Engineer: 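Here you go, one structure.
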Amino acid sequence: MAGRLTTHVLDTASGAPAEGLKIELFRRDGSGPALLKTVRTNGDGRVDGPLLEGGEMAAGAYELVFHVGAYYAAGPGTAVADPPFLDEVPIRFGVSDPGAHYHVPLLLAPFGYTTYRGS
């Protein structure tokens, strides 16, 4: 099986997938971060395909930036402070085995979040 990188965002405050949340993927190396991809989550809180797969996967350091402030500001009936408590949530992680599946889920609320390496 070829390696791949996926994500899933659940809004624990609403108890539903986080639809329409902007995510940026960066490769981080000695010359600074390089933007690889910008996507939005679908109705299931996922993106429509892997963020990286096959030959795109390489060992190294990466960062996902979840645009949480804009997501909550756009949500109907969601009161957001200005500035929001959480605006951009960066998650930096390493890929040591490019042939493996790396799943980086985000459980999200206006005042907190959690993540882990999923399956």
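Note that this is a predicted model, so its numbers are computed, not measured. All heavy atoms count here, side chains included; hydrogens, waters and symmetry mates do not.
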Engineer: Mind checking side-chain contact (heavy atoms from CB on, under 4.5 Å) for N42 and listing every partner two or more places apart, or none if nothing turns up?
Structural biologist: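 By the side-chain contact (heavy atoms from CB on, under 4.5 Å) rule, N42 matches D44, R46, D48.
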Engineer: Going by the rule salt bridge (charged side-chain N to carboxylate O under 4.0 Å, His left out), which residues pair with E63 if we only count those two or more places apart in sequence or in a different chain?
Structural biologist: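 Testing E63 for salt bridge (charged side-chain N to carboxylate O under 4.0 Å, His left out), a comparison that skips the adjacent residues, returns R28, R92.
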Engineer: For residues 94-114, which residue pairs pass the salt bridge (charged side-chain N to carboxylate O under 4.0 Å, His left out) check, not counting sequence neighbours?
Structural biologist: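 Residue pairs with at least one partner in residues 94-114: there are none.
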Engineer: Flag yes if L36 and M57 sit in one hydrophobic cluster, no otherwise; membership is Ile, Leu, Val, Met, Phe, Trp, Tyr, and two members link when side-chain heavy atoms are under 4.5 Å apart.
Structural biologist: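 Yes, L36 and M57 fall within the same hydrophobic cluster.
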Engineer: Given the rule that I, L, V, M, F, W and Y join up when any side-chain heavy atoms are under 4.5 Å apart, are V95 and I91 in one cluster?
Structural biologist: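 V95 and I91: one cluster.
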Engineer: Kindly work out whether a path of hydrophobic side-chain contacts (I/L/V/M/F/W/Y, heavy atoms less than 4.5 Å apart) joins F93 to V47.
Structural biologist: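 F93 and V47: one cluster.
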Engineer: Roughly how far apart are L5 CG and L51 CG, rounded to 0.5 Å?
Structural biologist: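 Atom-to-atom, L5:CG and L51:CG are 4.5 Å apart.
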Engineer: Could you check Y102 against L52 for side-chain contact (heavy atoms from CB on, under 4.5 Å), going step by step and ending with a plain yes or no?
Structural biologist: CA-CA 10 Å; Y102 286 79; L52 296 174; over 6 Å; no
Engineer: Please tabulate, for the side chains in residues 16-27, all donor-acceptor contacts under 3.5 angstrom to protein atoms that are two or more places apart in sequence or on a different chain.
Structural biologist:
| from | atom 1 | to | atom 2 | distance (Å) |
| --- | --- | --- | --- | --- |
| E24 | OE1 | H67 | NE2 | 2.9 |
| R27 | NH1 | A59 | O | 3.1 |
| R27 | NH1 | Y62 | OH | 2.9 |
| R27 | NH2 | A59 | O | 3.0 |

Engineer: Show me, pair by pair, the donor-acceptor contacts under 3.5 angstrom made by side chains of residues 111-119, not counting sequence neighbours?
Structural biologist:
| from | atom 1 | to | atom 2 | distance (Å) |
| --- | --- | --- | --- | --- |
| T115 | OG1 | P105 | O | 2.5 |
| R117 | NH2 | H101 | O | 2.8 |

Engineer: If you apply the rule side-chain contact (heavy atoms from CB on, under 4.5 Å), what do you find for L108 with Y71, and how did you get there?
Structural biologist: CA-CA 11 Å; L108 179 62; Y71 164 76; 4.2 Å; yes
Engineer: Taking all heavy atoms of Y72 and all of A13, pick out the closest pair and write down the distance.
Structural biologist: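 Residues Y72 and A13, closest heavy atoms: OH-CB, 4.3 Å.
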Engineer: Hey, quick one: are L64 and L107 part of the same hydrophobic cluster, counting side-chain heavy atoms closer than 4.5 Å, chains of contacts allowed?
Structural biologist: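 Hydrophobic grouping puts L64 apart from L107.
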Engineer: Where do E53 and P50 come nearest, in terms of heavy atoms and distance?
Structural biologist: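 Minimum heavy-atom separation between E53 and P50: OE1-CG, 3.7 Å.
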Engineer: Rounded to the nearest 0.5 Å, what's the gap from NE2 on H103 to CZ on R4? Could you check?
Structural biologist: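 Going from NE2 on H103 over to CZ on R4, the span is 9.5 Å.
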